[in-house]
There are 2 protein chains.
Amino acid sequence: MSQPDTKQRILNSAEHQFATDGYHATSLRSITAAAAVNLAAVNYHFGSKEALLEAVIIRRLDPLNKIRLGKLEALLKKAEQVKEVPASRDILRTFIEPTLHLRQQGSDTEDFVALTGRILAEPRGVAMSIFIHHMEPLMIRLFQALSLSLPELSHQTLFWRLHFVIGSLSHIMRCHERHSIVPEDISIDPSVDELVEMFLDFATAGMEETK
Amino acid sequence: MSQPDTKQRILNSAEHQFATDGYHATSLRSITAAAAVNLAAVNYHFGSKEALLEAVIIRRLDPLNKIRLGKLEALLKKAEQVKEVPASRDILRTFIEPTLHLRQQGSDTEDFVALTGRILAEPRGVAMSIFIHHMEPLMIRLFQALSLSLPELSHQTLFWRLHFVIGSLSHIMRCHERHSIVPEDISIDPSVDELVEMFLDFATAGMEETK
DNA sequence: GTATGATTTAAACGTATGTTTTAATTCTGT
DNA sequence: ACAGAATTAAAACATACGTTTAAATCATAC
């Protein structure tokens, strides 16, 4: 190819701008300008703006979900071998840890984390259906595993608590930098690992609460 | 006035459409058409589309925050009289309960709840700064109260846990109807009061976790 | 080296947007 | 009833958008 990978350059640029400004507030002209490619390249390579968004999402989401599902299945298998139920903290970890760890792997993936969090919040119709379609198998498995680990909870309670955890997670993913609704005197950014453990403390306690 | 309250009709229509489709995906033409007023009325009464968004937010947020702050101050005062620290569950309740109770007060406020949740997720620049400005005093007070109630937690831990709670809450506010990433067999929608208690169980446990 | 298919380019298309303008209309106070 | 201010109305404005077109350029295989 003449230009080194036009498609990838578009995907990177789109990922960054969608994550920063949102889907509707981002124009193809600014995406292609930042990627230093021609305006028509998006429609040539992807078909439409919406298809570009889908490509942006899928490029990262599928590998991520493979990792998450792999860790979850491995955990369940190991627990079964010892004839024990897996701890809810470990189950949640298989979902949370790979997600937040994306932030360490360079700024491109950082954009995706923010974008993912934002999609969960955007009005349905555009990306939500794509997203749900790619998340559903994992979520079902996660729900089953938690149900196994916390049999005393009703399905409704478990469902909502998982809902709460996902809400928190998507919030963290969106506001990785300057959230600061509460302006702290000393607001040292924790490391990703610290954040994971801090969130697991919170989420596990909320999950396991007997009430 | 000839038409009964053009401004209110615009605010209602805008609130509904901003909440449903998002700010950027909503046009002034569809807002004014739904409100059955002239297109130019928005710029005449509010000045611009962005100023309209601000008006939509402030109309509901200020009264809501007055209620929340009032309940919080009353709680703190009562606790001080008995020389005790308020329970973290009660503190969280002053914030969560008035928010979710908006959903019972008619469908107009329901729209606002969804919109509020969405603003927390939208890219900063448009509404975020408005929102933060109006939330800050309340959040500071909330943080102080929780710090009083949970003195064993470091400020950093407390800050993040409050962050998690707000994330969950905004997620609930956004997805009041069709969440269903996990398609439940029996997904009976709980009443608002049940939801409040269920969320308080979760959030309080996560907050109070000693680790 | 030239023909073929894939890609890039520049330009235009049709449409939709937020905003402004100017005139008509309605309300208010006397 | 009437003058003046406030509001509404219809139209136009300038601009930005996603998409399409048609020619130019490139890569590759014969």
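Lettering of chains follows the sequences in order, A, B, ..., and the numbering in each one begins at 1. Quantities reported herein were computed from a predicted structural model and do not represent experimental measurements.
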Rounded to whole Å, the CD-P distance (B:Glu50 to C:dG18) equals 12 Å
Short side-chain N/O contact to D:dC17 OP1/OP2 from A:Ser27, under 4.0 Å | yes
C:dA16 C1' sits how many Å from B:Ile31 CD1, rounded?
-> 15 Å
Provide, to the nearest angstrom, the distance between the CG atom belonging to A:Asn43 and the C1' atom belonging to C:dT9.
-> 14 Å
Can B:Lys71 be said to sit on top of B:Phe95's aromatic six-ring, NZ or CZ under 6.0 Å from centre and within 45° of the ring axis?
-> no
Of the candidate nucleotides D:dT8, C:dT21, C:dT19, which contains the atom at the shortest distance from the side chain of B:Asn38?
-> D:dT8
B:Thr6 side chain N/O closer than 4.0 Å to the phosphate oxygens (OP1, OP2) of D:dT7?
-> no
With a 3.5 Å cut-off and no angle check, do the side chains of B:Ser168 and A:Ser168 form a donor-acceptor pair?
-> yes
Aromatic rings B:His171 and A:His163: how do their planes relate, parallel, tilted or perpendicular, breaks at 30° and 60°?
-> tilted
Figure out the NZ/P separation between B:Lys7 and D:dT7, and round it to whole Å.
-> 8 Å
Taking for each residue the nucleotide of DNA chain C bearing the nearest heavy atom, is the 5' side occupied by A:Leu39 or by A:Tyr44?
-> A:Tyr44
Hey, does A:Ser30 reach any base, or is it just sugar-phosphate, or nothing, if we go heavy atoms under 4.0 Å?
-> nothing
Is there a side-chain polar atom (N or O) of A:His45 under 4.0 Å from OP1 or OP2 of C:dT8?
-> yes
Starting at CD1 of B:Ile10 and ending at P of D:dA9, how long is that distance when rounded to a whole Å?
-> 11 Å
To the nearest angstrom, the CZ-P distance between A:Arg29 and C:dA11 comes to 13 Å
With nearest nucleotides of DNA chain C determined for A:Ala41 and B:Lys49 from heavy-atom distances, which residue corresponds to the more 5′ nucleotide?
-> A:Ala41
Got a salt bridge between B:Glu209 and B:Arg161, using NZ or NE/NH1/NH2 to carboxylate O under 4.0 Å?
-> no
Could you state the CZ-C1' distance from A:Phe46 to C:dT8, rounded to the nearest angstrom?
-> 15 Å
Within this structure, what is the CG-to-P distance between B:Leu28 and D:dA14, rounded to whole angstrom?
-> 19 Å
Specify whether A:Trp160 and A:Phe164 have parallel, tilted or perpendicular ring planes, treating 30° as the upper limit for parallel and 60° as the lower limit for perpendicular.
-> tilted
